[in-house]
Amino acid sequence: MGAFSTSMRATATKLVTDLGNPCILTKITKGSYIPSLGETPVSKKNYSTYSAPVKKISQDFGQMGINTNLGGFDDNKVIVPWIGMEIDETWRYNDMNIIKVQPTETQGDIVIYTITIGEVEG
């Protein structure tokens, strides 16, 4: 891990913690199917962290920063800082489905994740 990516992780974590909201990420791990029970056991492990809404206004209006009200934030996308492990679509965000995970990396290290929340199709 490089010094720059370590610094970026610390900065991202501080900003999201100071300016964001508490949230819970849940890692869902499925076990092996048990034929006699007709089910697959699931284990869940919660990780408390913070998240911040994703600004969508710059996508709609360029990067002029004209509109700074809360309507400029995306309702189903949040940023969460690195929590020490990789997050994917099998996880849950505040008990909601995660349909897309986009990591932001520097020096080969993940700094933040942009998570899209919603219903899983299919």
Side-chain angles (χ1 to χ4, degrees):
M1 177 181 250
F4 181 73
S5 63
T6 301
S7 176
M8 289 297 293
R9 277 185 179 175
T11 300
T13 300
K14 179 165 179 30
L15 286 171
V16 173
T17 301
D18 290 351
L19 303 174
N21 298 304
C23 70
I24 296 175
L25 294 172
T26 305
K27 183 176 183 176
I28 310 285
T29 306
K30 291 185 178 181
S32 299
Y33 178 73
I34 302 172
S36 61
L37 298 176
E39 56 188 49
T40 303
V42 173
S43 67
K44 298 178 181 182
K45 178 156 177 148
N46 290 332
Y47 297 88
S48 295
T49 188
Y50 287 82
S51 65
V54 172
K55 182 179 170 197
K56 70 176 181 177
I57 201 74
S58 57
Q59 295 171 351
D60 298 336
F61 296 105
Q63 297 194 10
M64 298 179 291
I66 297 170
N67 187 348
T68 58
N69 66 23
L70 293 176
F73 290 99
D74 197 319
D75 292 336
N76 66 343
K77 279 189 181 179
V78 294
I79 294 171
V80 295
W82 172 254
I83 62 166
M85 59 184 53
E86 292 191 30
I87 299 169
D88 61 30
E89 291 83 2
T90 63
W91 288 57
R92 297 289 180 265
Y93 169 84
N94 288 342
D95 289 329
M96 294 184 285
N97 293 326
I98 296 175
I99 57 174
K100 187 175 182 182
V101 178
Q102 298 168 288
T104 300
E105 299 181 21
T106 185
Q107 293 183 312
D109 297 317
I110 297 170
V111 175
I112 61 167
Y113 289 101
T114 302
I115 297 175
T116 304
I117 304 157
E119 294 299 320
V120 176
E121 296 179 17

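Everything quoted here is computed from the prediction, not taken from an experiment. Basis for what follows: all heavy atoms, side chains included, without hydrogens, waters or symmetry-related copies.
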Atom CD of Glu86: over 12 foreign heavy atoms under 6.0 Å: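 No, because the 6.0 Å sphere around CD of Glu86 holds 12 heavy atoms or fewer from other groups.
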
Polar side-chain atom of [X] near backbone of [Y] as donor-acceptor pair, under 3.5 Å:
| X | Y | answer |
| --- | --- | --- |
| Ser7 | Ala3 | no |
| Asn94 | Ile24 | yes |
| Arg9 | Ile110 | yes |

Thr104-Tyr113 side chain donor-acceptor pair, cut-off 3.5 Å: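 No, no side-chain donor-acceptor contact under 3.5 Å.
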
Polar side chain donor-acceptor pair, Asn46 to Thr26, under 3.5 angstrom: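 Yes.
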
Residues in side chain to side chain donor-acceptor pair (under 3.5 Å) contact with Tyr50, at least two apart in sequence or another chain: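 Once residues adjacent in sequence are excluded, Tyr50 has no partner under the side chain to side chain donor-acceptor pair (under 3.5 Å) criterion.
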
For [X] and [Y], which heavy atoms make the closest approach, and how far apart are they?
| X | Y | result |
| --- | --- | --- |
| Val80 | Ser51 | CG1-CB, 3.7 Å |
| Gly118 | Asn97 | O-CB, 2.9 Å |
| Val16 | Ala52 | CG1-N, 4.0 Å |
| Gly2 | Asp109 | N-OD2, 3.8 Å |

If I take atom [atom1] from residue [X] and atom [atom2] from residue [Y], how far apart are they, to the nearest 0.5 angstrom?
| X | Y | atom1 | atom2 | value |
| --- | --- | --- | --- | --- |
| Ile87 | Gln102 | CD1 | CD | 13.0 Å |
| Ile115 | Arg92 | CD1 | CZ | 12.0 Å |
| Thr114 | Ile79 | OG1 | CD1 | 5.0 Å |
| Leu25 | Lys45 | CG | NZ | 13.0 Å |
| Glu105 | Ile112 | CD | CD1 | 11.0 Å |

Considering only distance and modelled atom types, tabulate donor-acceptor pairs under 3.5 Å from the side chains of residues 27-38, sequence neighbours left out.
none

Worked check of side-chain contact (heavy atoms from CB on, under 4.5 Å) between Ile98 and Thr116: CA-CA 6 Å; Ile98 296 175; Thr116 304; over 6 Å; no

Set of residues satisfying salt bridge (charged side-chain N to carboxylate O under 4.0 Å, His left out) with respect to Lys14, sequence neighbours excluded: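 Residues passing salt bridge (charged side-chain N to carboxylate O under 4.0 Å, His left out) with Lys14: Asp18.
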
